[in-house]
2 protein chains.
Amino acid sequence: MIKYMEIHAELLRRISSGVWVIGELIPNEIVLAEEFSCTRPTVSRALGMLVDAGLIERKKRVGSRVMQRATRAAVFKIAIVRNEITARGNSYAYLLLERKIMHPPAHVRAAFGDQDALYVKALHFENNMPYQLEDRWINLAMVPQASAQDFQIQSPNEWLLNAIPYSRAEHVLRAAKVNQKQAENLQLAVGEPVFIIERKTWQEEKPVTIVTLLHPAHKFRIVTQDVGM
Amino acid sequence: MIKYMEIHAELLRRISSGVWVIGELIPNEIVLAEEFSCTRPTVSRALGMLVDAGLIERKKRVGSRVMQRATRAAVFKIAIVRNEITARGNSYAYLLLERKIMHPPAHVRAAFGDQDALYVKALHFENNMPYQLEDRWINLAMVPQASAQDFQIQSPNEWLLNAIPYSRAEHVLRAAKVNQKQAENLQLAVGEPVFIIERKTWQEEKPVTIVTLLHPAHKFRIVTQDVGM
DNA sequence: AAGTGGTCTAGACCACCGC
DNA sequence: CGGTGGTCTAGACCACTTG
């Protein structure tokens with residue numbers, strides 16, 4: 001129904017089915033506009049989407065060509081842990097383990113600067129079994145109102161989402177063996193594998209929080225989808 | 001310089017800094033067009049980008065409002081393993097372990113149908129240490145020319161990227177302990193953690209290949225970035 | 001110089017949906 | 001009914017890059 005989407009879909013088909021070969025110039029925008037009985041800006045919009053997806057390259061005075069795909073981009077969504085669990089129809093529970101304002105370790109100071117920060121450790125349960133161990137530092141220079149929160153009922157995760165609704169984040173995903181302390185919290189044997197998400201969050205380029213999320217490996221997975229195709 | 005990007009950046013700032021509150025209607029497009037001294041389609045384009053990023057909701061007859069962010073979307077890129085390793089300045093090596101046309105297990109038959117498929121197992125080395133164990137099924141109904149490939153020199157990963165350049169994929173990311181056989185291949189002790197990527201690939205809705213990629217946990221991580229902000 | 005992309009304007013038409 | 005968004009057209013101007 002929407003013209004630029006139709007055009008985009010058809011061009012996508014021509015690329016993925018090999019009608020247009022990698023490295024080859026595709027017809028210019030005027031020709032495509034005639035073919036699809038529309039104006040050039042409409043074709044241009046469809047081509048722009050293909051550029052965003054990394055499928056073609058457009059060059060003035062030269063034309064557009066199908067690109068060699070060097071990397072595959074995938075996207076995944078991270079929900080609030082409470083919603084993730086209840087969406088599966090399971091019961092959710094939360095337990096605060098520790099909350100303290102103190103001098104943070106070097107890797108946190110590197111982001112926040114050399115000042116005290118709020119440390120919070122908490123557990124999230126699915127069907128009364130530990131699902132996620134949350135280990136978090138909060139930058140009090142950015143979120144001073146956090147020092148008035150006790151985090152007994154509401155997890156820092158959810159509280160922060162309301163206090164700092166929109167922020168930029170970077171994640172590191174990795175696997176490891178649990179150490180002694182983590183194993184006790186997660187009710188695992190020492191050395192069992194965990195899936196770890198490390199997240200750093202900024203608001204307007206200033207660091208807000210650094211969190212490490214540990215999940216028992218057998219209970220956690222991330223599912224993604226290609227972007228663009 | 002580009003007007004709709006400027007407008008997008010400014011609107012983003014107003015959302016992330018809290019000038020516009022969650023749930024609140026933002027000025028309508030005509031008002032914004034006047035403010036930014038442009039026409040309505042230009043404003044509309046900037047708003048469209050905010051919708052794509054999941055930051056606002058637009059409703060006809062009502063207006064646009066800042067949305068409560070329920071999930072965080074992150075994107076990561078997966079490069080060809082050879083490029084990933086050489087980009088770090090390290091040496092890359094490849095070794096074929098097994099190649100056989102045979103009747104696949106149930107989870108592969110569920111995707112490919114009940115027919116023989118090509119199984120390939122191979123190792124990718126970084127600085128002469130195992131980095132990735134590739135365990136792959138190839139759908140010969142989709143890629144019959146794969147049966148003529150011996151995969152002694154070129155990995156199925158790279159070969160497929162040329163044979164089927166553009167395809168849709170889904171990934172599952174998880175962690176686990178290595179079993180006996182995998183541990184031997186990866187030169188790990190049994191029970192060590194591995195980071196696993198499972199990828200299914202389609203071309204025009206038809207399954208092409210199913211692959212499991214195992215990485216020693218201490219050598220592998222995925223780094224992502226937020227989309228939209 | 002000329003052909004290609006990239007963007008914007010001005011205006012239009014329509015769909016949706018609350019009143 | 002009328003106000004909001006969503007899209008498209010027709011035309012324009014400019015930037016870039018090759019010849």
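In what follows, every chain begins at residue 1, and chains take the letters A, B, ... in the order their sequences are listed.
- In this structure a side-chain-to-backbone donor-acceptor pair under 3.5 Å is present from A:Gln203 to B:Ser16.
- The side chain to side chain contact (heavy atoms under 4.5 Å, CB included) test with A:Val43 is passed by exactly one of A:Glu29, A:Lys3, A:Glu34: A:Glu29.
- Helix-axis bend for the helix from C:dA1-D:dT18 to C:dG18-D:dC1: the local axis fitted to the five terminal pairs at one end deviates from that at the other end by 0°, rounded to 10°.
- For the pair A:Arg99 and A:Phe151, the cation-pi test (distance below 6.0 Å, angle within 45°) is failed.
- Although no hydrogens or angles enter the test, the distance criterion places no donor-acceptor pair under 3.5 Å between the side chain of B:Asn127 and the main chain of B:Met129.
- DNA chain D is contacted by both A:Pro41 and B:Arg61; B:Arg61 maps to the nucleotide lying nearer its 5′ end (nearest heavy atom per residue).
- Within the nucleic acid shown, A:Ile30 has no heavy atom closer than 4.0 Å to any nucleic acid atom.
- By the 4.0 Å N-to-carboxylate-O rule, B:Glu10 lies close enough to B:Arg13 to be salt-bridged with it.
- Under the salt bridge (charged side-chain N to carboxylate O under 4.0 Å, His left out) rule, B:Glu126 has a single partner from B:Lys219, B:Arg82, B:Arg88, which is B:Arg88.
- Annotation for A:Lys200: atom NZ does not count as buried by contact number, only 12 or fewer foreign heavy atoms lying within 6.0 Å.
- Here the range on DNA chain D touched by chain B, meaning any atom under 4.0 Å from one of its heavy atoms, is D:dG2 to D:dC8.
- The two residues B:Asn157 and B:Glu134 have their closest heavy-atom pair at N-OE2, 3.5 Å.
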